[in-house]
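First up is the structure itself, then whatever we jot down about it.
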Protein chains: 2
Amino acid sequence: MEQSLIILKKNGLSVTGGRKKILDLFLDAQGALAHSDIEKNTSVSFDRVTVYRTLQTFTDNGIIHQIPTTDNTILYALCKDKCEAGHHHDEHVHFICVDCDKTICMDEVTVPDVKLPKGFNPIQTAMIVKGICNDCRN
Amino acid sequence: MEQSLIILKKNGLSVTGGRKKILDLFLDAQGALAHSDIEKNTSVSFDRVTVYRTLQTFTDNGIIHQIPTTDNTILYALCKDKCEAGHHHDEHVHFICVDCDKTICMDEVTVPDVKLPKGFNPIQTAMIVKGICNDCRN
DNA sequence: AAAAAGATGCAACAATATTGCATTTTGTGT
DNA sequence: ACACAAAATGCAATATTGTTGCATCTTTTT
Ligand SMILES: [Mn+2]
Ligand SMILES: [Mn+2]
Ligand SMILES: [Zn+2]
Ligand SMILES: [Zn+2]
């Protein structure tokens with residue numbers, strides 16, 4: 001059975017053309033995708049609204065996770081960890097290449113713990129490294 | 001002399017009502033501010049465009065720095081470190097309280113180094129911790 | 001005080017995001 | 001296979017957010 005089907009079923013989501021297509025995009029993607037990437041890359045285009053709602057649904061169900069940025073976009077990437085609905089466990093570092101602009105999930109690089117001042121209770125930590133990626137250095 | 005004046009002069013920026021007012025907002029603020037906060041909090045309101053341009057200017061000159069988020073906004077906060085025009089040195093952790101929604105610069109908590117896979121060259125690292133802040137825990 | 005450089009506001013426009021509702025599609029039980 | 005209920009989609013309208021050019025006003029420099 002197709003990977004995208006498996007994921008949708010496992011999460012109790014009904015299988016629709018749009019969801020399959022968008023999920024396949026993520027499964028095939030090199031790096032993270034922004035909303036705009038999805039609108040561009042789907043030759044057969046869905047309504048913008050559907051894309052918004054699909055990304056929301058996937059995020060809620062722990063299928064994709066969000067990556068914070070400083071340019072008024074949100075990046076999304078597949079959760080490869082054991083994320084559940086309502087609680088993500090993506091504690092890996094994200095690398096944004098300033099050259100090719102790709103964003104890569106470094107699944108093998110765990111976000112280090114950090115000691116916070118007394119009284120601050122951490123729930124989730126994100127780490128974003130900007131730099132030159134493997135492909136772009138020469 | 002007023003703090004805001006000093007900062008503007010030091011950066012060779014001409015002193016205008018708008019810049020002073022916005023800079024004072026940052027100097028008084030508890031945490032980081034989004035564009036929308038500035039529009040709301042300035043009783044005397046400037047044109048939206050001026051706010052955009054002012055934030056851009058401040059960022060370019062190393063007066064404020066950006067904090068990435070996952071909600072299609074950018075947060076801005078005063079640079080307390082020795083940032084220069086064109087090159088920031090804000091290597092501190094940012095804490096976002098999921099309760100009161102404030103974002104705090106933890107100037108004393110340095111972003112830890114992280115070992116990247118071969119071929120990846122880091123330039124700048126951001127760390128955002130979500131959790132419950134000092135004021136909100138009880 | 002005058003000139004030059006720079007900042008601002010306005011208007012128009014572009015891009016992005018949200019909501020309600022009618023219609024279509026999907027999953028479920030027969 | 002069929003009918004029904006539940007859910008997803010598209011569309012339209014609206015709201016929010018961001019960008020650009022240009023005329024005017026303000027600040028800085030001479
Ligand atoms: Mn990731
Ligand atoms: Mn900061
Ligand atoms: Zn690259
Ligand atoms: Zn709080």
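Chain letters run A, B, ... following the sequence lines, proteins first and then strands; every chain starts at 1.
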Members sharing A:I123's hydrophobic cluster, built from side-chain contacts under 4.5 Å between Ile, Leu, Val, Met, Phe, Trp and Tyr, are B:V98, B:I132

B:I22 atom CD1 is separated from C:dA7 atom C1', nearest whole Å, by 12 Å

Per-helix bend value, the helix from C:dA1-D:dT30 to C:dT30-D:dA1, C1' rotation axes over five pairs per end, 10° rounding, shows 40°

Residues passing the side-chain hydrogen bond (donor to acceptor under 3.5 Å, both in side chains) test with A:T50, sequence neighbours excluded, are none

Here the distance between atom C1' of C:dG6 and atom CG of B:N11, to the nearest Å, is 16 Å

Between B:T69 and B:D71, the two heavy atoms sitting closest are OG1-OD1, 2.7 Å

Atom CG of A:D71 and atom C1' of C:dT16 are separated, to the nearest Å, by 13 Å

Atom CD1 of B:I38 and atom C1' of D:dG18 are separated, to the nearest Å, by 15 Å

In whole angstroms, the gap separating C1' of C:dT18 from CG of A:L55 amounts to 15 Å

Each nucleotide of nucleotides 19-30 of chain C classed B (base within 4.0 Å of a protein heavy atom), S (only sugar-phosphate) or -, in 5' to 3' order, makes BB-----SS---

**Study point:** Student check: side-chain heavy atoms of B:N134 and A:P117 closer than 4.5 Å
**Key:** no

Side chains of A:I74 and A:H35: does their closest heavy-atom pair fall under 4.5 Å?
no

Check the phosphate of C:dT8 against B:T50, side-chain N and O only, distance under 4.0 Å to OP1 or OP2. Yes or no? no

Rounded to whole Å, OH of B:Y76 lies from C1' of D:dG18 at a distance of 10 Å

In whole angstroms, the gap separating P of D:dG18 from CZ of B:F46 amounts to 18 Å

Contacts satisfying salt bridge (Lys or Arg N to Asp or Glu O under 4.0 Å) that involve residues 45-57 of chain A (not counting sequence neighbours) are A:E39-A:R48

Interatomic distance, CG@B:N121 vs CZ@A:F95, rounded to 0.5 Å, equals 7.0 Å

Separation of C:dC10 atom P from B:Y52 atom OH, nearest Å, is 16 Å

- Task: Would you indicate, yes or no, if D:dT17 has its OP1 or OP2 atom less than 4.0 angstrom from a side-chain nitrogen or oxygen of B:N72?
- Result: no

With sequence neighbours left out, the residues meeting side chain to side chain contact (heavy atoms under 4.5 Å, CB included) with A:L33 are A:L25, A:F26, A:A29, A:D37, A:I38

Comparing B:T73 with A:R19, nearest DNA chain D nucleotide closer to 5' gives the residue A:R19

### Task
Take B:E91 and B:M127 through the test side chain to side chain contact (heavy atoms under 4.5 Å, CB included) and record every step on the way to the result.
CA-CA 8 Å; B:E91 295 279 326; B:M127 193 163 187; over 6 Å; no

